[in-house]
Structures are given as structure tokens and as C-alpha cells.
Amino acid sequence: MGEKYTSGLGGMNDLKRNQKRKTKSESGRVGAGGKLQKQNERQNSNASAVKIELLMPSSAEEMNAPVNGLATTVRRAKFPICASLGRKSPNNRLLQRPLKSRGQKRSLTESIDPPVLAQSIAEEEPQDGLKAWGYMPGHDSHELGNSGTIEIPEVDRVLHVIPPRSLTDSIVNHFLTVVNFRYNSIYAPTFTEQYVQWWSDRANNKPLSPEFTCLLLRICAYSVQYLTIPLRKSLEFELACNSQQLTERFSTAAEQLSTNFTASNTSVERVQEQFLKGAWLKSESKMVESWHALGCTIREAQELGINKNTSLEGLAEFDIELRRRLWLLLYIWDWQMSAWLGRPHLIDQKDCSFTFPNLRLDTSTAEPNLVSPFAHIALQAMLARRLSLIMGDVLIIPNLTGEQVLAVEAECEQFIEELPAVFRLDDPDLSLDEQYPYYVFQRCQLHVVIYMTMLDFLKPYLTKSPNERETSHDRQFRTMGVDISLKLLKVSRKLFDHEFPINAKFHLVVFSIFDTATILCSAIIHDTNRSLSHREEVMGAIECALDMLHQLSLTTKIGASSYRFLFKLVQAAPVLSQYPSMQKRRRADPPALAPPFVQPPTVKTLHTELSQAEVPNIQLSTTLINSTSEIPTTDDLSFDLDQFLEQNPFETSNQLDMGGLEQIWDWDNLNLDFLNQNPPT
């Protein structure tokens, strides 16, 4: 919209020569009356041209057509319109009509120009009519086609947010080599090609793809949330802002550009950037917003037909594989967020049949036994599908029978036995961890998800009195729940050791510790007859969870909220607060801030090979956790815990500020409302 459409200057020279010839040939025949008639014609022509300038061109060809005469650009409602001032234009049909016909009615046999609306409708593709009615891809009347790229001037308005090439390269390189392995929503080789081409187009002042530009901004926003310490310091120094401001700046620009896209013109890049938006919101503890973003992403994917195996004609195997991977990501997110947030499924579970990706995209001839980096996602989806077959039409866990719960737990155990060696729960194959460090995180993530899934079906039996029996399996389920909770906290500790402090924003780090510890607290409180199995070990696990949440409270707000709640819950229940180790507990002083910043060496670009010192070290957190005094923090991530506890007293759930966790975790599920009236002893 920012371009000015002007007519060519060659037509003006031809017009002048024709005017001279015409003047010489007609000079002897034209009198005073003829001069007056020509003057009236010129006035009428000018008047008509002024009216034309208020009309929008019916097509791009009409806008670019050369007009004989002086061209100017008239801006009306920010749309550039080419208006012709001067003599008649051969392209202007209204000015080509004879003078004598003006003001007269047309006969039925006279040629009538087609209206602009009718012409535009005639030029539309047949598929556009189907889109107007909202036919989904895969319908008998719908043939899926490429949406194409729409040039949007909003791209120019967000380009200033993207840092210089060298800094952007470092952010993107960190995403592709570290952060992307969390979900593998982006295929690195093809994205790298597009990324290099994008910079080339920008340098040559060529139109930039709005979809890819938006995707690039989402990647930058998500990558900045998980920067290594050296890279974070480098970017903060070069850009004169902290990492939180930088990630929010990227996200705001992406959101501004994303609002220009329409649902009827979607693409794979749109689905990817919407997914990364949801991931970014999760890391910012905006769980409800992330759930809504997931809904938008699912609808975008369905609009492309990614959820079905139809309309795949003309697509390469590579494109089909990427589509199936994207749908698998959306499926497990919907499954997990529905279970953890207690929200309805966004994907119809009764009509959900899809083909799993074959994972051959990542096969290596040199290492044929190498497990795909997407395998941990595919395994989670397999577990979800197997459990959904057992649950049938039951969508609420408390409505399951005892036999169904036993079947679910048995299926999970069978799934654990079938895990690949690199992901085994007991004695996993660690030989590839050094060369492929992403296996460490993926293994921890998968183990946490498995145990959280198993515990989810046993929570109702841990958060009620053992005297309130509903099935003959209640006592067995309580014992199973305690065993799985203890195992879950052990694998959560491994995930914590790996992620803290750099990746402390990852929602699963905090949630797995906090949710399991609060469930165990409820089990202890309801265990009035002291019949709970492994009672002493449970108390020690709660103490360990408090230690981990205390360290997380020094780096993230959601960690501070979680620690405050669990600490106050323990203090409110005498059965917990009177435990010897709890009585001896003293809150540690907040650690000192990081040492003064020293300017780092120049950051290399994506085109150069990083030195060993600059390669992001995914094991960095394990060396920093041994001493809390070495934990680096920034002003935007550190808190005064004493002030925080004072301003947020432990009262009722309605007055409790969970800093975002209240959207994931339901206080009512603990059945602890009586704490505010008659605390148990």
C-alpha cells in the first residue's frame, strides 16, 4: 500500500505530437464555435477525471495501466489512487463515450460496460466461493490450494524491532541448536534456507513474506526466554535492555503483524508461529492466554486440513511429515492442558483419527540407530491415544470405575516397558548424551509427563479421607498414588537440576514439583489414622520440594508464588509444621546479584562456526546449583520474599495470588477448605 502508482511518461510525448498534428489539420475548419466546443470538452473531461479519482481500481491491472496525461497520487483512507488530470485517457471508458451521448438514456442494444463488482466476481477463482461459505479442506466440494503470500505494509513497521544481522543470528542459532529441541516445531534445515533468503531479500529491498517475518519474531521472542548467561549478557549490552524487555518487544511486534492475517488465508508458517506464541505465553506464566492461543492454532491447522489425511495430493512427503508433526504437537498440548487445567478438549476426542509421523526425516546413514529428536513428542502422543481408548467416552477422571483406573495404570506400565533404550526409566542408555545433549532434557521431560499422567488418575484417592471409600480398590490406589508421587518428585529433581537456573521459566519445572508436593500435603493432612504408606519418606519429599521451590522463587515470579503457597500450606497444617525437619527449616537469604557485567567478545553470525566456548552448554545448570550464592539473577527476575509473603497472606483461595499457577492448579481438588476453620492436629 505504500507504493505510488503513476502512469508512464512516454504516452505524454505521443499525446503532444498528436495534438500538434490535429491542431494543424483542423485550424482552417474550426471557428469560434469549434473553439468553444473544445473548451467544453476539456472541462467535461477534467470534471470526469476528478470524479474518477474517488473510485477504487477494480483490479491490480487497472491500477498499473498507463494513463495519458499528468499522473498524481490521491490518498483516500490510506489507499493510493492514480487519478488522471487532463485529456481523455484511452483506458478510461467513461471518458471514451461520445460527447453527444452524455446525458442521454442508453438503448437496450447499446454496449454497457460491466460493473466493477461483477468484473471482480468474474475474475475470482472458483475456490474463493467455497472459502466464502466456509467449506473445510477435505470436503467433497473443496480442493485445497496454496494460500500464497500476501504483501502487507505492516512488515515495514515491525522491521525496526529485529536487531542487526549478527545479533539476530545468535538468537536464531540458539533457538535452532538448543531451544527448538523442546518441541521440534521448526525443521532447522529448511528454516535456515528461508532465513538466509529473508535477509537477502531485505538487503535488496525485495518484498518480505509477512508470514515468515512473523514466525521469525516468534522464534526470537521464545529463544530470548532461554538464553545462556553469556549470550544474555551480550544481547543486553548490545541492545541496552534486559532480556525480559527484549522478549516482550519481539512478542508485541509479532502480535502486531499477526493481526493482519485472515483465517481464510492460512499457511504452515501461521500454524508454527501461533504454536510458538502459546509456548511463549506458557513460559510467561500466562496459562489461560496460552490455552486460548492453542485453540486458535488448532483452528488454523484444521483450516489447512492438517488434522486429516485428505487433500494431500501434490504435497511432497517432506511437507506431509511436517504437517503430521505439527498436529501431533497440538494434540498432546490439548491432552495435557485439558487434564491439568480441567478445561474442555479443543480437539474432538471421539472423532480424532490421524496418522503418526514416520520420523524418517531425521534418520542418519552414519548412525542408523539414532533416535529422532521428535521421538519424545511422538511417544507422548502414543501414550495419550492408548489411554483414550481405555477411557472411552469418559472425559472426567473421577467418573472412571476402579477397573478402568487399574487398566490405565497397567497400560502406563506396559508403555514404560516399551520405551526406547535412550528414554528408559531404569538404566537408560546415556552414551549419546554428550554428543546430543538434547536427549537429557527430552528424557527428563518424558519421564515427568509419564508419571504425572499416572498420578492424575490417582489424585482423587489421595485427597480424601481413607474412611471415605468409593471402591474396593481405594486403599490400593492410595498406596499406588504415594509410590508414583515419590517417583515423580525424583524425576522432577532431575529436570530441575538440568534446567535451573537458565531455563527456570519452563512451566513443567515448577508445576511438576509444586503439584506433586501439594497433593502429598493433602494426603498427609487427610491421613488422620496415620495409615499412609511411606509417611516419613513423604515428609522428606515435601521438604525437598520446598527447597527446590525456594531456589526457583529467586529467579521467577511463578516460582515465588509456588514457594509461598506451599510454605504457607505447611505452616497452616500443624501435622506438617510440627514435623521436626519443618521446625528446623529457615528461609535462606536471597543470593547476591551477579557480578558487574564485562563486555563479551563479538558474537559470531550464523554463517560462521561457533567456537567451543560459545556453544550453548545445556549442562550449565548442574554446575551452578551446588551453591545458591552463585545463582545469577537480574532485577526483573529477583524478589523480596519477606515482602512477598507479607503482602500475600495464606487465607482463602479467592484471595490467593498464585501468579498464574491458579489457572493450572485447582485448590478445591485438595479438599482442604476446613483449614481456615478447624485446622487438624
Side-chain angles (χ1 to χ4, degrees), residues 339-342 396-398 400 405 451-471 473-490 492 510-549 561-579 581-582 585 650-656 658 661-681:
W340 298 344
L341 275 69
I396 303 176
I397 291 178
L400 293 174
V405 174
Y451 280 134
M452 287 187 67
T453 302
M454 298 178 69
L455 180 61
D456 204 32
F457 291 87
L458 301 173
K459 285 180 181 178
Y461 304 94
L462 290 174
T463 57
K464 66 178 181 180
S465 173
N467 299 325
E468 301 175 7
R469 293 191 177 184
E470 296 182 0
T471 69
H473 304 286
D474 282 20
R475 185 179 183 86
Q476 178 184 0
F477 290 157
R478 280 173 59 84
T479 302
M480 292 173 59
V482 171
D483 292 338
I484 292 175
S485 297
L486 295 175
K487 293 179 180 178
L488 176 54
L489 281 179
K490 289 181 180 178
S492 297
V510 179
F511 179 69
S512 60
I513 300 171
F514 170 78
D515 181 67
T516 309
T518 51
I519 292 297
L520 290 178
C521 285
S522 178
I524 289 290
I525 293 172
H526 286 97
D527 185 36
T528 55
N529 56 5
R530 297 180 177 270
S531 61
L532 190 68
S533 61
H534 307 291
R535 186 180 176 90
E536 293 297 318
E537 192 175 351
V538 167
M539 297 297 293
I542 296 174
E543 173 71 10
C544 180
L546 276 170
D547 287 334
M548 289 186 286
L549 290 177
S561 301
S562 304
Y563 173 72
R564 171 188 55 82
F565 182 88
L566 184 60
F567 179 81
K568 298 299 288 184
L569 174 62
V570 170
Q571 295 299 315
V575 67
L576 293 172
S577 60
Q578 294 176 2
Y579 191 73
S581 63
M582 300 295 182
R585 178 174 181 79
F650 181 86
E651 294 178 6
T652 64
S653 58
N654 294 331
Q655 297 175 328
L656 194 62
M658 290 296 297
L661 273 177
E662 73 278 2
Q663 309 300 347
I664 303 179
W665 179 79
D666 192 354
W667 156 269
D668 296 329
N669 286 341
L670 292 182
N671 298 320
L672 297 178
D673 293 337
F674 58 84
L675 277 180
N676 293 316
Q677 289 82 27
N678 299 308
T681 58

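Since the model is a prediction, treat every value here as computed from it, not as a measurement. All heavy atoms count here, side chains included; hydrogens, waters and symmetry mates do not.
When the shell of 6.0 Å around CZ of Arg535 is examined, it contains more than 12 heavy atoms from other residues, nucleotides or ligands.
Separation of atoms CG (Leu458) and CZ (Phe477) is listed at 7.0 Å; rounding is to 0.5 Å. Interatomic distance, OG1 of Thr516 versus CD1 of Ile542, reported as 11.0 Å (0.5 Å rounding). To the nearest 0.5 Å, atom CD of residue Glu468 and atom OG1 of residue Thr463 are 9.5 Å apart. If you take OG on Ser492 and OH on Tyr451, they are separated by 11.0 Å, rounding to the nearest 0.5 Å. Rounding to the nearest 0.5 angstrom, the gap separating the CE atom in Met548 from the CD atom in Glu543 is 10.5 Å. The distance from the CG atom of Asn467 to the OG atom of Ser531 is 8.0 Å, given to the nearest 0.5 Å.
The two atoms that bring His526 and Pro466 nearest to each other are O-CD, 3.4 Å, heavy atoms only. Minimum heavy-atom separation, Ile525 to Ala573: CD1-CB, 3.7 Å. Listed here is the closest heavy atom pair of Arg478 and Tyr461: CG-O, 3.0 Å. Nearest heavy-atom pair across Phe457 and Val405 is O-CG1, 4.1 Å. Of all non-hydrogen atoms in Ser533 and Val538, the two that sit nearest each other are O-CG2, 4.2 Å.
Between the side chain of Thr518 and the backbone N or O of Asp515, at least one donor-acceptor pair lies under 3.5 Å. The main-chain N or O of Arg475 is found under 3.5 Å from a side-chain atom of Thr479 such that the two form a donor-acceptor pair.
Between Ser522 and Leu462, the closest side-chain pair of non-hydrogen atoms is not below 4.5 Å. Contact check for Asp474 versus Lys464: side-chain heavy atoms found under the 4.5 Å cut-off. Inter-residue side-chain proximity for Met539 and Leu520 is flagged as unmet; no heavy-atom pair is nearer than 4.5 Å.
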Under 3.5 Å, which donor-acceptor pairs do the side chains of residues 480-489 form with other protein atoms, sequence neighbours left out?
residue : atom : partner : partner atom : Å
Asp483  : OD1  : His534  : NE2          : 3.2
Ser485  : OG   : Gly481  : O            : 2.7

